[in-house]
Amino acid sequence: MESIVHKKIVREYYSERARDYDWQKVRTWKSKQGFGVEVLNEVIGALAGLECKPVLEVGVGSGRIGFPLLDKVKPWFVGLDLSREMLELARARMSLYKQKFDLIVGDAEHLPFSSKVFNAIICISTMHYLAYPERSLTEFSQTLKEKGILVYGDVTMHELDNRGFLDALERTLSQAHAKYHKPSEMKKLLENHRFRVSKMKVIPYRKSYFSLMEDKGKYFNVKPEALHKCIQGTTIDERKLYAINSNGLTLFYTLIMALKQNKSK
Ligand SMILES: C[S@@+](CC[C@H](N)C(=O)[O-])C[C@H]1O[C@@H](n2cnc3c(N)ncnc32)[C@H](O)[C@@H]1O
């Protein structure tokens, strides 16, 4: 699909989803089977010490990560997103800190900043929307200062998912998605873009079919039968890898902390 057409679909999806986004995320991130606190603590820990330093979040969304960062780390925070509606949520949420942040409509593949500006870039739950993650990583690397920190977090495939079940599932539910990566693929991509990985962890969590339909399928008029058919078509191995049962499946959230390396290394 043409990149510009795809981005329009992503933007429209988020503009519509904005009104539901925060309660949907509470369900996945803050539920007993969720992983939000762990991810947030890792991000805050990785950026500790960057008080008043410029930090960019690419795909800032509604400011779910930006707000606690402003509260705990107190950086000078810049949030960039394709969707105006999501940025409006972030603006409202972070308004308490209005001297300390900027929010910008923009595209992860064409960052509107000069080189070597930021001490850290975070990209949380956004990379799988990017059809050309290499372009974004090149931009991230250029925009970061030397030894700048990159924090990546996203849903990833199971390391042994060789048929691409997770991509097939997502394509059944949404036209916004571009590609999921395996944790090892993502690590390699970062290393190919001048990043040295300092920490990596994969966090499993449960997701119900009901919330997959609510978070994604309903915005694309997907019928429950289509999801059912996709699940029915899984192999025995895929059912094991993703612990698929009649209510839902286990997904994997990968967090990677990396440092921009000097050119010579
Ligand atoms: C799942 S949300 C994550 C938001 C936030 N990081 C969080 O964790 O709540 C993904 C966000 O990425 C944004 N996005 C998707 N593609 C983008 C692109 N090419 N450039 C900038 N933002 C993009 C979407 O508009 C959406 O707000």
Side-chain angles (χ1 to χ4, degrees), residues 1-30 34-44 46-47 55-70 77-94 101 103-113 120-140 143 150-156 170 173-180 203 205 207 211-212 214-216 219 251 253-255:
M1 194 189 302
E2 253 321 289
S3 176
I4 193 100
V5 175
H6 175 244
K7 277 179 195 149
K8 200 162 167 266
I9 293 172
V10 176
R11 202 184 60 214
E12 282 169 4
Y13 167 47
Y14 271 98
S15 296
E16 210 187 323
R17 192 184 175 194
R19 63 173 187 269
D20 305 320
Y21 185 78
D22 281 325
W23 66 258
Q24 290 173 347
K25 284 290 170 180
V26 164
R27 185 171 52 196
T28 313
W29 280 57
K30 293 196 180 152
F35 54 92
V37 175
E38 190 171 353
V39 171
L40 196 55
N41 286 343
E42 289 284 353
V43 178
I44 288 171
L47 304 191
V55 169
L56 170 67
E57 183 174 1
V58 176
V60 63
S62 64
R64 261 172 0 111
I65 307 289
F67 178 76
L69 271 184
L70 278 164
F77 183 84
V78 180
L80 174 135
D81 204 285
L82 273 185
S83 159
R84 270 179 207 286
E85 287 76 3
M86 291 297 277
L87 287 173
E88 280 319 309
L89 295 177
R91 191 175 306 285
R93 175 178 260 145
M94 306 195 308
F101 72 87
L103 296 173
I104 299 169
V105 177
D107 177 10
E109 288 172 0
H110 305 278
L111 295 182
F113 308 108
I121 295 183
I122 63 180
C123 186
I124 300 288
S125 308
T126 298
M127 197 66 90
H128 68 277
Y129 292 110
L130 309 181
Y132 303 99
E134 300 83 358
R135 276 190 205 160
S136 298
L137 290 174
T138 302
E139 295 276 298
F140 294 180
T143 314
L150 176 64
V151 181
Y152 157 90
D154 208 354
V155 180
T156 44
E170 186 73 45
L173 292 163
S174 139
Q175 291 153 29
H177 161 78
K179 178 171 169 40
Y180 284 120
I203 307 166
Y205 65 101
K207 186 90 178 164
S211 61
L212 282 175
E214 285 250 317
D215 297 1
K216 298 159 191 275
Y219 302 99
L251 296 180
Y253 200 86
T254 296
L255 263 175

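All values below were derived from every heavy atom in this structure, side-chain atoms included, with hydrogens, water molecules and symmetry-related copies excluded. Indexing begins at 1, ligand by ligand and atom by atom, following the structure's order.
Using modelled atom types and a 3.5 Å distance limit, the side chains of Thr254 and Tyr152 yield no donor-acceptor pair. Side chain to side chain, Arg17 and Tyr21 fail the donor-acceptor criterion of an N or O pair below 3.5 Å.
Listed by chain and number, the residues in a side-chain contact (heavy atoms from CB on, under 4.5 Å) with Glu170 are Ser174, His177, Tyr180, Lys216 (sequence neighbours excluded). With sequence neighbours excluded, the residues forming a salt bridge (charged side-chain N to carboxylate O under 4.0 Å, His left out) with Glu214 are Arg27, listed by chain and number. For Asp107, the side-chain hydrogen bond (donor to acceptor under 3.5 Å, both in side chains) criterion is met by Lys7, not counting sequence neighbours.
The existence of a salt bridge linking Arg84 and Glu88 is excluded, since no basic side-chain nitrogen approaches an acidic carboxylate oxygen closer than 4.0 Å.
A heavy-atom cutoff of 4.0 Å around ligand 1 is satisfied by the protein residues Val10, Tyr14, Tyr21, Glu57, Gly59, Val60, Gly61, Arg64, Ile65, Leu80, Asp81, Leu82, Ser83, Met86, Gly106, Asp107, Ala108, Ile124, Ser125, Thr126, Tyr129, Leu130.
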